[in-house]
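Everything below concerns the one structure shown next.
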Amino acid sequence: MNLKFRAKDYLSDDSFESAEYEYIGNQNEGWEIKRNGSPYLHLGPGYIPLKTISCGVCSTDIDRRFLPFPLPQIIGHEVLAEGLEENQGKQFVVEINDTYEARGDKNPDIFCKEGIPTHSPERRVLGIDRLPGGFGPYILAPIHAAINLEGVSPKAAVLMEPFAAALQAIIASPPKPGDHVAVLGPRRLGSLVLAALSSYRKTNGSDFRITAITRHDHLVDLSKEMGADDVIDLRITNVENLQNKFDIVYDTTSTPSGFETALQISKREVHLKTTNGQTMAGLQHLTELVVDELSILPYEKKNTTFHWQKETRSNKNIFVFDGVSDFIKNELKTNFNVYEGNISKAESILASESFANQMPRFDLVVVSSPSEIGLTIRPNPSTENSLVRPRGAILVDSSNVSNWPAEFSLVREFFKQGKEIHSSRCGDFHMAISLLKDNPEITKSLENHLISHRFSSDQLEEAYLKAKDPSSVKVVVDFQ
């Protein structure tokens, strides 16, 4: 097959320019992608061509220039598409991770074998990292990432990727009975987190309260429609009056100021859901924290067994920075393989024979300073590798937190009080579809209230600008 078309590339200066693309190949033999007549990307077998129907604009698209992936690129990853050739007439939603598993490759890497294929270092990401995205008229989707739509309307389907991501936050940080949780920034993704919380509560018969926190009139009614029990307007209520009020705060603001607010108003946990590529509250690489779905927890003995609820693995290998207290080091050595040192020592250990034939990451890393948090997440600027495994945790030795510099005052107080930061990324489409089928009233609310603006594909720049405007909720670009 040969598909030739023009699309608008996103550039590092936050603008768009037209480019000519060509996809040459097929599912069995692979594909060559050309851009303006020059080689752009080679893909092996396992991809099917799809024609874009519509694509949503999300916070990641708006902040794409801050992310550590090459540009220019056709961005957009919230895709509803239709099949070509033998898939003619079928509609698909597309999971964004291009991995061995998604392509049906029979020789998976260690990350796939460990049950976390979406964290394979070799992965590409639709519309984010190299793989051309949904703001073009055609995409190449890994065969198992294209989910056939059955029982969900196209109106709701274009929201499937962000709804699955929202649901992932609830799976990673489920409310406990009696909790009072808050969604900070109930706009694009935040409204979907509200809907996911409401669906989760109803499906599981759970008992917790949901509050939406906003600064915009048009989001008050929307938040209630999406399932919030209460709405707080920060133009009326001071953040100081909400200190330590909510057991879990799901931060979907995608802003440094929003994250700082979340740190102040959470009683137990902040769940960071959005990425912006910027330093927040003095901490670096929090975008990559979300990408790797990592957690930052106070050092406590119970947290040394931390893992995601549905994982059955146990922690074995722990790296401890030199500045961590001797008490912690000695306590850990009774139950774990403990490695000590600085960043260069940690990297050399992971590259050594000790980690041959296993995941080259520590299960946990214990830090003594805020700078070590960022260094753990991305120790080497030339790679996207972390010291700690995806869905693992960074444990903070709080014995020295009081001496952290003033620029870290918010996180200093946060960790002194034993609070936690969790994160999550994309979710399971099959689970999201099932939940929407179980809760038709939520599906109807998504269809009728969440999409605030639609633009044709030749209006991509206008759509992008409108998505940046706080007056919008969800902006969708239509190709048909």
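Along the sequence shown, the residues carry numbers beginning at 1. Atom set for the values below is all heavy atoms of this structure, side chains included, hydrogens, waters and symmetry mates excluded.
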Ignoring hydrogens and angles, state whether a donor on the side chain of [X] or [Y] is under 3.5 Å from an acceptor on the partner side chain.
X: S206; Y: N204; answer: no
X: T253; Y: D251; answer: yes
X: Y47; Y: D98; answer: yes
X: N244; Y: K419; answer: yes

Problem set entry | CA sep, side-chain torsions, deciding dist, call: S254, D63, side-chain hydrogen bond (donor to acceptor under 3.5 Å, both in side chains) | CA-CA 9 Å; S254 192; D63 291 321; 3.0 Å; yes

Quick one: sort the [X] and [Y] rings into parallel, tilted or perpendicular, breaks at 30° and 60°.
X: F355; Y: F362; answer: perpendicular
X: Y138; Y: F5; answer: tilted
X: Y250; Y: H271; answer: tilted
X: H180; Y: F246; answer: perpendicular

Which atom pair, heavy atoms only, marks the closest approach of [X] to [Y]?
X: L194; Y: P186; value: CD1-CB, 3.7 Å
X: A393; Y: L297; value: CB-CD1, 4.0 Å
X: R187; Y: S191; value: O-OG, 2.7 Å
X: V290; Y: S424; value: CG1-O, 3.3 Å
X: L126; Y: V94; value: CD2-CG1, 4.0 Å
X: F208; Y: I210; value: CE1-CG1, 3.7 Å

Any donor and acceptor pair, going by atom type alone, linking the side chain of [X] with main-chain N or O of [Y] inside 3.5 Å?
X: S352; Y: I349; answer: yes
X: Q73; Y: Y10; answer: no
X: N330; Y: K333; answer: no
X: N315; Y: F306; answer: yes
X: T99; Y: T118; answer: no
X: T203; Y: S199; answer: yes
X: S423; Y: L289; answer: yes
X: E95; Y: F429; answer: yes
X: T334; Y: E331; answer: yes
X: D397; Y: V366; answer: no

Is the charged tip of [X] near the ring of [Y]: under 6.0 Å from the six-membered ring centre and within 45° of its axis?
X: R103; Y: Y100; result: yes
X: R130; Y: F69; result: no
X: R391; Y: W308; result: yes

More than 12 heavy atoms of other groups within 6.0 Å of [X] [atom1]:
X: Q309; atom1: CD; result: no
X: K345; atom1: NZ; result: no
X: K34; atom1: NZ; result: no
X: N2; atom1: CG; result: yes

Problem set entry | Test log, rule side chain to side chain contact (heavy atoms under 4.5 Å, CB included), inputs M160 and I433 | CA-CA 8 Å; M160 193 59 64; I433 290 171; 3.6 Å; yes

Pair [X] + [Y], salt bridge at N-O below 4.0 Å:
X: K468; Y: D14; value: yes
X: K474; Y: E78; value: yes
X: E461; Y: K8; value: yes

Problem set entry | salt bridge (charged side-chain N to carboxylate O under 4.0 Å, His left out) evaluation trace for D292 with R361 | CA-CA 12 Å; D292 291 354; R361 304 286 190 275; over 6 Å; no

Can you check whether [X] reaches [Y] side chain to side chain, under 4.5 Å on heavy atoms?
X: I421; Y: L263; answer: yes
X: R64; Y: L71; answer: yes
X: D363; Y: F336; answer: no
X: Y299; Y: T304; answer: yes
X: N276; Y: T287; answer: yes
X: I343; Y: L387; answer: yes
X: Q278; Y: T255; answer: no
X: E420; Y: S295; answer: no

Problem set entry | Pair F415-I296, side chain to side chain contact (heavy atoms under 4.5 Å, CB included): steps then yes or no | CA-CA 9 Å; F415 290 125; I296 309 175; 3.4 Å; yes

So, taking the atom named [atom1] in [X] and the one named [atom2] in [Y], what distance separates them when rounded to the nearest 0.5 Å?
X: E407; Y: R412; atom1: CD; atom2: CZ; value: 10.5 Å
X: I318; Y: N335; atom1: CD1; atom2: CG; value: 8.5 Å
X: L272; Y: M280; atom1: CG; atom2: CE; value: 4.5 Å
X: C112; Y: D105; atom1: SG; atom2: CG; value: 8.5 Å
X: I139; Y: I48; atom1: CD1; atom2: CD1; value: 8.5 Å
X: R389; Y: L294; atom1: CZ; atom2: CG; value: 10.5 Å

Exercise. Centres of the F135 and Y464 rings: under 6.0 Å?
Worked result: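 Between Y464 and F135, which both carry aromatic rings, the centre distance is not below 6.0 Å.
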
Exercise. For I116 and R313, what are the C-alpha separation, side-chain angles and deciding distance, and is it a side chain to side chain contact (heavy atoms under 4.5 Å, CB included)?
Worked result: CA-CA 12 Å; I116 45 175; R313 68 177 183 84; over 6 Å; no

Problem set entry | Step-by-step salt bridge (charged side-chain N to carboxylate O under 4.0 Å, His left out) determination, R35 to D9 | CA-CA 10 Å; R35 178 181 182 272; D9 276 335; 2.5 Å; yes

Problem set entry | Stepwise salt bridge (charged side-chain N to carboxylate O under 4.0 Å, His left out) check, E384 with R123 | CA-CA 11 Å; E384 286 301 305; R123 77 182 182 277; over 6 Å; no

For this session: Identify the residue among R425, E293, K273 that makes a side-chain hydrogen bond (donor to acceptor under 3.5 Å, both in side chains) with Q168.
Result: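 That would be E293.
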
